[in-house]
Amino acid sequence: MPSPIRAAILTHAGGPHLDAYLTALAQCPEVEAVSIADASGATFAAAKKSLGAKLAETSKDAAALLTATKPALALVTMEATLAPPAIDAALDAGAHVFAEKPACVRASDFERLVQKAEAKHLHLMLALANRVTPSVQEARRVIQAGRFGKLYGVEIH
């Protein structure tokens, strides 16, 4: 098993799906520590409650947090108008980025970020909630029933 990673969450008060991300990171054994940046500080209490001892650091300054913690992965859950600078900062810090959608207002903003990620050999990923579609739910049922044997990966289109 690979070594656990450090992750950062870049968000704001009311960040989309933040509770679900906090819960997932708290339960993920591949993540050893999580830091959170929120200019308002409004999310810090919920992060502490969800992450417990996994919460490594909080900051109102995302750039300072990224520099101090050097996360392997940055999860950006912000409004589309606020996300591009946070994604840009995470890529500059050398982190792979998982961004809540929409991650920008203009495609040209995202195109620049994709080019930066590619140039740095980093992943820039968008969250898509396929898990709630009926076809994915049925696939999950069939997989959990063991009908395919041991799976090593799944790609859904």
Side-chain angles (χ1 to χ4, degrees), residues 1-104 107 109-132 136 140 143 150-157:
M1 181 160 194
S3 299
I5 65 165
R6 297 179 65 81
I9 298 174
L10 310 180
T11 193
H12 54 69
H17 309 292
L18 180 59
D19 289 343
Y21 291 130
L22 289 169
T23 300
L25 290 171
Q27 295 173 357
C28 184
E30 292 83 6
V31 175
E32 70 179 351
V34 180
S35 299
I36 186 163
D38 171 4
S40 72
T43 61
F44 297 161
K48 178 64 179 164
K49 182 178 180 184
S50 293
L51 296 168
K54 264 194 185 180
L55 182 61
E57 186 171 337
T58 60
S59 177
K60 291 185 176 186
D61 183 336
L65 180 115
L66 291 166
T67 299
T69 63
K70 298 179 181 25
L73 173 71
L75 193 155
V76 178
T77 176
M78 300 178 129
E79 292 177 28
T81 57
L82 302 174
I87 294 169
D88 197 37
L91 292 170
D92 281 342
H96 298 287
V97 176
F98 182 80
E100 183 57 50
K101 54 150 181 16
C104 62
D109 291 341
F110 200 68
E111 180 181 11
R112 183 182 60 77
L113 296 169
V114 168
Q115 290 170 350
K116 179 180 263 191
E118 288 175 350
K120 292 177 165 275
H121 305 287
L122 295 168
H123 297 292
L124 174 53
M125 304 162 278
L126 285 177
L128 300 171
N130 293 331
R131 69 188 175 279
V132 297
V136 172
R140 181 175 191 249
I143 290 166
K150 185 172 183 174
L151 295 182
Y152 294 94
V154 175
E155 186 170 328
I156 299 173
H157 298 278

Interatomic distance, Leu55 atom CG to Lys48 atom NZ [nearest 0.5 angstrom]:
6.0 Å
Identify the two heavy atoms, one from Pro85 and one from Leu82, that lie closest to each other, and give their separation to 0.1 Å.
CD-O, 3.3 Å
Just so I know, are the side chains of Phe110 and Leu124 near enough to count as touching, which here means a heavy-atom distance under 4.5 Å?
yes
Taken to the nearest 0.5 Å, the spacing of Leu113 CG from Ile87 CD1 works out to 5.5 Å
Straight-line distance of Leu73 CG to Ile5 CD1, nearest 0.5 Å:
5.0 Å
Answer yes or no: is there a side-chain heavy-atom contact under 4.5 Å between Glu100 and Met78?
no
Ala103 and Ala99: which non-hydrogen atoms are nearest, and at how many Å?
CB-CB, 4.0 Å
If you compare all heavy atoms of Gly94 against all heavy atoms of Leu122, which two are closest, and at what distance to 0.1 Å?
O-CD2, 3.6 Å
Would you check if the side chain of Lys54 reaches a backbone N or O of Val31 as a donor-acceptor pair within less than 3.5 Å?
yes
Would you call Leu66 and Pro71 a side-chain contact if the rule is heavy atoms closer than 4.5 Å?
yes
Scanning both residues in full, the closest heavy-atom pair of Ala13 with Ala42 reads CB-CB, 3.7 Å
With a 4.5 Å cut-off on side-chain heavy atoms, are Leu51 and Leu22 touching?
yes
The side chain to side chain donor-acceptor pair (under 3.5 Å) partners of Asp19 (sequence neighbours excluded) come to none
Using 0.5 Å steps for rounding, measure from the OG1 atom of Thr67 to the CG atom of Asp61.
8.0 Å
Please report the interatomic distance NE2(His12) to OG1(Thr43), rounded to the nearest 0.5 Å.
10.0 Å
Keeping the roles fixed (side chain from Ser35, backbone from Ala8), state whether a donor-acceptor pair exists under 3.5 Å.
no
Closest non-hydrogen atom pair, Phe44 against Ser59:
CZ-O, 3.3 Å
Working to the nearest 0.5 Å, report the span between CD1 of Ile36 and OG1 of Thr58.
8.5 Å
Side-chain contact, heavy-atom cut-off 4.5 Å: Asp88 with Lys116?
yes
Give a yes or no answer on whether the side chain of His96 reaches the backbone of Met125 with a donor-acceptor pair at less than 3.5 Å.
no
Any residue meeting side chain to side chain donor-acceptor pair (under 3.5 Å) with Ser40, in chain and number order, not counting sequence neighbours
Asp38
Can you see which heavy atom on Ala62 is nearest to which on Leu10, and at what distance?
CB-CD2, 4.1 Å
Tell me whether Lys120 at atom NZ has more than 12 heavy atoms from other residues, nucleotides or ligands lying less than 6.0 Å away.
yes
